[in-house]
Structure formats: C-alpha cells, structure tokens
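This chain uses plain numbering: 1 for the first residue, then up along the sequence. Hydrogens, waters and symmetry mates are skipped; everything else that's a heavy atom, side chains included, is used. Bear in mind the structure is a predicted one, so any value in this text is a computation, not a measurement.
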Amino acid sequence: MDKKVFRPLWSFDVPKTETWLSEMAEQGYLLYEFRKSSSTFLFKQGSPGRAEFKIGLDKKKSDVLPDALVNDGWRMVSRKGAWYAAVNEQPQEQIKTSIVQDNIVKRNQKLFYLFISILVFLTVWMFNFVMDYMWMQSLPEAIQEHLRDTGGMVTNPLVIFPGIIINVLLISLLAYFLNTIRNSNKQLTHRNSEEEDLEHGVVEGQELIPFEEETSLKKEGKLVVKRYFGWKFAPDKLEKRLEEMEAKGFQLYRISWSGISFYFLSGSPRRVSYKTEFQNMPDERSAGMHKEAGWKQVYSSASSFPKWRIWSQEYSKDGAKPVLYSDQPTKQKQALKMAINSTLIFIPVIALYSFYIWTDINLATESIYYTITWPVIIIFSIIVILFSSFTIRSWLYYFRMKKIED
C-alpha cells in the first residue's frame, strides 16, 4: 500500500528531513519518489528496516551516483530537477562515504541573506508606519480631518490593525526560517564539539576561569579587557593589535561571544603571529590543515555564514614569522569576498534608511502639517553612517591587501 505525505518547506531543514525518511523506513515505509513542486513524498509499504537517507543538490542533474558511492552501497531513489534522494541500507558502521551537500549549504546561505533583507525591510516599514500613525494622532482634530479627506491619513482600525498583525506574522515567520536555515547549515557543515567550546570564547588549549576569579584578576591588573569594534572590516589592523599585546606580555585568553571583547592575561612577552580568516561558509578541511601546520584556533564566530576564525602561532626570535596563506592571491580573494559580502548586506539597508530620511525631510519642507521626526532621523542617520563606514573600511582592507606584493 502506497503512502503519500505532504511535507512543506522540507528543503529548509534537510538533516531533519533525512532523519524523518529513515524513521519512515523503520516503520516499513520506504521512499520511492518525491515531488519538489508539491512538497510530497511517496512511500511503498514493505518490511521495516534500517535505511540511511541523504538528500543532495546537483545542478548537473545526473541520474548516476559516483562509483565510490555506488560501491559503498548508495543508490539513487528519486530525482526531481537538481534535487535527488539517495539511500544506503547497509549497517551504519559499514558505511564509509556520504553525499556531498555543499550546494545545499550555498543555497541556504543565499536564502539566509534574502530573508534578512526582507526582514529588515518589513521591520523598518512597520516602525515607520507606527511612528507616523502616532504622530498623526497627536495632530489637532481639524488637521486630522483634512488628512483623512485628502487620503493622507488612514484611521480605519479594520485596515490598520490587520496590516500590523500580518506584518508581525511575516516577521515571525522569517525569523523562524532564518533560525531553521542556520541550524540546518550547522549540521550540514559537521561542526565538532571543539569548535562549540571555542564559541563560548575560550582560546583553544585554555580553560575557562570562573567569573569570581576573573573579577579578582581584573582588580589586580592581571586581566585586561580590550574592545575592538568592527574589526571584521579591517582584520589586518586587529592582527597587529593582538601581536602588540603579546609583545607587551598580555596573552590572549578568551574572546566574548560577540567577538568584540578580548581578554588578556598578564604573562611573559611572546612572539605570536595572529591571522584572521574569512569564509563564506565553513571549511573544516582547511581548518584541519591549519592545525596540522601548527596553528592554534583562538576564535570561531557563532555565525556559520559568513564564518570568521582567528589563528595564532608562537615563534622564536630567530625564526620567521608564520603566515596562514603563503600566496598573496588567496589573501586578496578572501579580502574581496569579505568586501562584496559587506556591500551586499549593508548597501540595501543604507539605501532604505537614506530614502526614509530624504522622504521625511522633503515632506516636512513641503507641508505645513508635517514636522520632521527627529528621533527617527537621528537613529537612522547613525545607522547609515555606521554601515557606510563598515562598507568603506572593508573595501579599504581589500585595496591594502591588493597593494601588498608577493
């Protein structure tokens, strides 16, 4: 007996969908087809058994899996467009290979940025709507009547409140999507327990000092806290500052979850090379290569995309200063990616807020009934200036890297 199951938004959380398919197999329902357009999965009833499912995304749309996967027991179950599902019914301990899911991670990354842009737009729109409505309610009744007659003011609760409710629901839905995609990508990139510890701030190889002891060390001057705002837009300057602190005898101990506060313990001066690394999505293989080369990971951002890491390596007085990447093109490529990433994130927000500022000032100059909403203008102006500085600094960093000769 066949079974048809509707599963909306399944591609937002691929690991959860894979687990669900395996649970269905244990109940005796084995997948034989899925339809992406209608988000439905078709199962044939059979004998309950173990089956490991993997979902892949391949733009080549090939119906044949690589030989290494086939030899390891994997077989294609169904393909719809670029999406496909594969299954392996061997015991888990005998499975040595897995489906490459980097394309799913990249797709999730693009969706993440898209949803953030929409979320920002809806949030700003609702804030603007509420502020305008409150301002209009403070006007004299005669002016309100004039605005209603000319269509410049909406006061009907049947229009206002449903609009706000729908906007709040959309914002909540987008927040849920963002959280789901973020958690999905964490699982797809196979984050390990060691990196989870780093996200709590403690430098690799160090142990967390109790809060009371930290407070005592601060009072004694043995623990120093430095805050570096916006270092991700000029990472080369952060590297220099950290190396200067080490040369003075302040050894990096931990970094706050936000990546802003850096905690240093007083000790002996050291020669330490610090290098930052930017990745659009985490690459555990490169992280393993850095560790094999003697680098110690001192920071790993909580965000998976983009991913920021800080590496350190101590060296002797007579030794050469270690470098994370020996080839300059790799550094330039990373700097360019970072600059483009910053531009794509901040420019839409800058444009949106600048348009609001211009509109608000323009209305105030043309209408005797409208006054500039200074609190909003000030807040939006600060955001525009701040985001503009981040964008400019990221491009200046790229040009600095571009000028450095091999």
Quiz item: CZ/Arg227 to CD1/Ile260 distance, rounded to the nearest 0.5 angstrom?
Solution: 9.0 Å
Quiz item: Are any of the side-chain heavy atoms of Lys16 and Arg7 separated by less than 4.5 Å?
Solution: yes
Self-check item: Sole candidate of Phe53, Trp20, Tyr32 that passes ring-ring contact (aromatic ring centres under 6.0 Å, His included) when paired with Phe41
Solution: Trp20
Self-check item: Heavy-atom check, side chain of Glu214 versus side chain of Leu223, under 4.5 Å
Solution: yes
Practice problem: Inspect the contact between Glu204 and Lys296 and indicate whether a charged nitrogen and a carboxylate oxygen are less than 4.0 angstrom apart. | Solution: no
Self-check item: Name of the residue among Gln332, Glu277, Lys333, Lys331 meeting side-chain hydrogen bond (donor to acceptor under 3.5 Å, both in side chains) with Tyr325
Solution: Glu277
Exercise. Assess whether atom CD of Gln94 is packed by more than 12 heavy atoms of other residues, nucleotides or ligands within 6.0 Å.
Key: yes
Exercise. Nearest 0.5 Å please: distance from the CD atom of Gln313 over to the OG atom of Ser273.
Key: 7.0 Å
Quiz item: Taking C-beta and beyond as the side chain, do Arg271 and Lys321 meet within less than 4.5 Å on heavy atoms?
Solution: no
Quiz item: So which heavy atom on Val5 is nearest to which on Phe43, and how close?
Solution: CG2-CE1, 3.9 Å
Quiz prompt | Gln279 side, atom CD; Ser301 side, atom OG - distance, nearest 0.5 Å | solution = 9.5 Å
Quiz item: Mind checking whether Leu42 and Asp2 have side chains closer than 4.5 Å, heavy atoms only?
Solution: no
Self-check item: Exercise: identify the closest heavy-atom pair between Val202 and Arg254
Solution: CA-CB, 3.8 Å
Quiz prompt | Polar contact flag, side-chain donor to acceptor under 3.5 angstrom, Asn341-Tyr113 | solution = yes
Exercise. Give a yes-or-no answer on whether the side chains of Lys80 and Ser37 include a donor-acceptor pair shorter than 3.5 Å.
Key: no
Exercise. Would you sort out whether Leu188 and Asn185 count as a side-chain contact (heavy atoms from CB on, under 4.5 Å), showing the intermediate values?
Key: CA-CA 5 Å; Leu188 291 171; Asn185 264 19; 3.9 Å; yes
Practice problem: Kindly indicate, with the supporting measurements, whether the criterion salt bridge (Lys or Arg N to Asp or Glu O under 4.0 Å) is fulfilled by Arg79 and Asp63. | Solution: CA-CA 7 Å; Arg79 170 182 283 281; Asp63 292 328; 3.5 Å; yes
Quiz item: Could Lys226 and Phe262 be counted as a cation-pi pair, given that NZ or CZ must be under 6.0 Å from the ring centre and within 45° of the axis?
Solution: no
Quiz item: Closest heavy-atom contact between Leu21 and Ile55?
Solution: CD1-CD1, 4.4 Å
Exercise. Could you tell me whether the side chain of Ile310 reaches within less than 4.5 Å of the side chain of Tyr274, counting heavy atoms only?
Key: yes
Practice problem: Taking all non-hydrogen atoms of both residues into account, name the closest pair between Ser11 and Asn108 and its distance. | Solution: O-OD1, 4.2 Å
Exercise. State, without any angle test, whether Arg309 and Gln297 hold a side-chain donor-acceptor pair at a distance under 3.5 Å.
Key: yes
Practice problem: In sequence, state the C-alpha distance, the side-chain angles, and the governing distance for Phe264 and Tyr253, and then conclude on ring-ring contact (aromatic ring centres under 6.0 Å, His included). | Solution: CA-CA 5 Å; Phe264 300 86; Tyr253 150 63; 9.9 Å; no
Quiz item: Tell me, do Ser388 and Phe390 make a side-chain contact under 4.5 Å, heavy atoms counted?
Solution: no
Practice problem: Inspect the surroundings of CZ in Phe211 and state if more than 12 heavy atoms from other residues, nucleotides or ligands are less than 6.0 Å away. | Solution: no
Quiz item: Is it the case that more than 12 heavy atoms not belonging to Glu220 sit under 6.0 Å from its CD atom?
Solution: yes
Quiz item: Between Arg393 and Ser342, do the side chains contain an N or O donor and an N or O acceptor separated by less than 3.5 Å?
Solution: no
Quiz item: Which one of Tyr397, Tyr398, Trp395, Phe346 satisfies the ring-ring contact (aromatic ring centres under 6.0 Å, His included) criterion with Phe233?
Solution: Phe346
Quiz item: So, do Lys4 and Arg35 sit near enough that their side-chain heavy atoms are less than 4.5 Å apart?
Solution: yes
Quiz prompt | Member of Phe387, Phe121, Phe380, Trp358 meeting the ring-ring contact (aromatic ring centres under 6.0 Å, His included) criterion with Tyr353 | solution = Phe380
Practice problem: Determine, using ring centers only, whether Trp83 and Phe34 are less than 6.0 Å apart. | Solution: no
Practice problem: Step through the shown structure and confirm whether more than 12 heavy atoms of other residues, nucleotides or ligands are within 6.0 Å of NZ on Lys218. | Solution: yes
Quiz item: Can you name the closest pair of heavy atoms from Ile377 and Ile372 and give their distance?
Solution: CG1-CG2, 3.7 Å
Quiz item: Judged by modelled atom types alone, do Ser22 and Glu52 share a side-chain donor-acceptor pair under 3.5 Å?
Solution: no
Practice problem: Enter the distance from Ile255:CD1 to Tyr263:OH here, rounded to the nearest 0.5 Å. | Solution: 11.0 Å
Quiz item: Which distance, rounded to the nearest 0.5 Å, do you find between the OG of Ser266 and the CZ of Phe250?
Solution: 5.0 Å
Exercise. Search all heavy atoms of Trp295 against all heavy atoms of Val323 and return the closest pair with its distance.
Key: CZ2-C, 3.4 Å
Practice problem: Scan side-chain atoms only and decide if Gln187 and Glu18 contain a donor-acceptor pair under the 3.5 Å cut-off. | Solution: no
Quiz item: Rounded to the nearest 0.5 Å, how far does CD1 of Ile347 lie from CD1 of Ile350?
Solution: 4.0 Å
Quiz item: So, do Val64 and Met76 sit near enough that their side-chain heavy atoms are less than 4.5 Å apart?
Solution: no
